[in-house]
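Below is one structure, written out as structure tokens, with a few remarks after it.
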Amino acid sequence: MTLIENLNEIVGEAFAAAELDTKFGQVKPADRPDLAQFQCNGALAAAKVAKKNPRALAEAVIEQLSGRSEFRDLTVAGPGFINITLTDSFLSTQARRLKSDENLGGWQTAIPEKVVMDYGGPNVAKPLHVGHLRAAIIGESLKRIFRFAGETVVGDVHLGDWGMPMGQLISELRKEQPDLVYFNEDNSGPFPSDPPVTLADLERLYPQASAACKADQTRAEEARVATFELQKGRAGYRALWQHFLTLSRSAIEREYADLGVTFDLWKGEADADHLIAEMAQNIRDKGLVEQSDGAEIVRVARDDDKKEIPPLILFKSDGSVLYGTTDLATIVDRKQSENPDRILYVVDQRQSLHFEQVFRASALAGIFPEDRLEHIGFGTMNGKDGKPFKTRDGGVLKLRHLIDQVTTRARERLAESGLGEGYGEDEVADIARKVGIAALKFADLSNTRTSDYIFDVDRFTAFEGKTGPYLLYAGVRVHSVLAKARAAGAGEPGDIALATPEERDLALVLLSFGQSIREAHSRRMPHILCDHAFVLAQAFSKFYAACRIVDEKDDVVRASRLSLVGVVGDQLHLTLELLGIEAPERM
Ligand code: ARG
């Protein structure tokens, strides 16, 4: 139970004892920390229901609580708020529990579920770009938070490997090398096991093909036909496609690894292809499919829709499938192979209409309940011009370049701050990489998921303010206090006994960890953990400035403070880990 849950229970009971509904006993951290630690506003709402004076009700609740050992101070404020301050002994007992709790006060769900998390979505043959960056960073963190909360999570990369880009590539290669065995229609294989192209070829061929198709109708038609034939199962095309997939996957895997992002499943859109025919037949049998200009569509609009929700196109008039079809069939696949309770899609907010269509069609067709399919949308990373981030030459920036850029800047910052001085070259490079990635990830995660933000390397890599580097540095400082204590023979950490304002504040932050996890989990919002890490680092700073630790004379106080520092270090480290941020030992 988190501290807040504990207080909710106690205060809720007091409301009940005062003949009011327990639900009014909700406690939250005080808006005015200078006046109290917590507050309960429930008497105001209860008074409305009971048609009584809120201040009188607040007094009645306080009456019920008086004499309990948990509270040092209970007062009525303003129109009927209850201000709550805890006793040091209660707070100290709570803080001591953190020390022996392997979850460090973290919250766990009572009803764990199995969740498939879809947070990749890179497209084969196209380099991973910043558009995929947020999905990876946010999804990796949510996966960790969910697992920590006790859920079973299967992360799926869901490669984009089945659409028009594949046909564009195949037809482009055919223009360059028409004599390859793959293009002989009569050849049913087997085909060579070595790919006929390199990764560099793919990266060159794709933009070339896509530009050509945009400029020329006839060329676009060739790509359409190639896509169609690939999906229909033309042997040479399938073999080529398999090569593209293998080459691309290893490159994509490397880029994700650089970011500390991993997946349990490396499936793609194509993996659901074999399920489409039967799925479509089932949907037709249910009478849900309509013909429209030769295409087959499923109407998903509802009477109470505020905006127009167009039908999901199951098959185009030539019989080829679209994004919605593969996503729907992928739900069938996930149900068959993973049987999850819930599926989360961590994908750009701009795709919300697509997911609305897919989820509704899924519900109509009885594939998967709509309320267990969630689009976890996110905003855009913009450049300083306020438009989606691009490189200087206007192209989409590659992830690799982005990581290089933040790492280089992090290295300069370290030097400017005199950090890492005298360390070996390898270690400095490793620290710079960790600081750079932390800067990038923290900047991304610390915004509310749904808002846009501006990419700004200078701000991200600063060691001051709410940044990744600041938090890594805070972690290193905590380590160094403990190392100093060991070196000085300051003795073992002992029972936590809080006595000063800075110790109390620090303990309150540590004890709010469970609530932070709980909220980050229920709202699918990692920024709540970013806030926690930042507030914790700040509370530690104040404590460190105000309280002697290693050179504290009183053995009992010193031992208590060493324990507190230990818990701070562990919880900060854990919080960063849940954000997917790797911390250096020293810097
Ligand atoms: N490949 C898609 C893109 O690049 C993203 C896929 C997201 N996941 C999904 N199940 N639709 O836009």
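When a ligand or atom number is given, it counts from 1 through the structure's own listing order.
- Note: F463 and Y470 fail the aromatic proximity criterion, with ring centroids not under 6.0 Å apart.
- Remark: Q357 CD to S362 OG distance equals 13.5 Å, nearest 0.5 Å.
- In this structure, atom 4 (O) of ligand 1 lies nearest to the protein heavy atom N123 ND2, 2.9 Å.
- The distance criterion of under 3.5 Å between nitrogen or oxygen atoms is not met by H354 with respect to ligand 1.
- The shortest N or O to N or O distance between H132 and ligand 1 is below 3.5 Å.
- For the residue pair V115 and F146, the shortest heavy atom distance occurs at CG2-CD2, 4.2 Å.
- In this structure, the ring of F368 has its center no less than 6.0 angstrom from the ring center of F359.
- Only side-chain heavy atoms of D327 come within less than 4.0 Å of ligand 1; its backbone N, CA, C and O stay farther off.
- Protein heavy atom at the shortest distance from atom 12 (O) of ligand 1 is Q351 NE2, 2.9 Å.
- Protein heavy atom closest to atom 3 (C) of ligand 1, with residue, atom name and distance, is G121 O, 3.7 Å.
- Between the CD atom of E269 and the CG atom of D333 there is a distance of 12.5 Å, given to the nearest 0.5 Å.
- Between D348 and R350 there is a salt bridge, since at least one side-chain N of the basic residue sits less than 4.0 Å from a carboxylate O of the acidic one.
- The aromatic ring centroids of F355 and Y345 lie less than 6.0 Å from each other.
- At under 3.5 Å, not a single nitrogen or oxygen of G160, backbone or side chain, sits near a nitrogen or oxygen of ligand 1.
- Annotation for ligand 1: atoms under 4.0 Å from non-hydrogen atoms of Y323 are 2 (C), 5 (C), 6 (C), 7 (C), 9 (C), 11 (N).
- Annotation: F263 is in aromatic contact with Y119 [ring centroid separation under 6.0 Å].
- Heavy atoms of T330 found under 4.0 angstrom from ligand 1: none, in either backbone or side chain.
- Here Y119 has no heavy atoms under 4.0 Å from ligand 1, in either its backbone or its side chain.
- Against a heavy-atom cut-off of under 4.0 Å, Y345 is close to the following atoms of ligand 1: 10 (N).
- For ligand 1, the atoms lying closer than 4.0 Å to a non-hydrogen atom of D118 are 8 (N), 9 (C), 10 (N).
- Atoms of ligand 1 found under 4.0 Å from any heavy atom of V347, numbered from 1 in the order shown, are 7 (C), 8 (N).
- The CD atom of Q571 sits 13.0 Å away from atom CD of E577, with the distance rounded to the nearest 0.5 Å.
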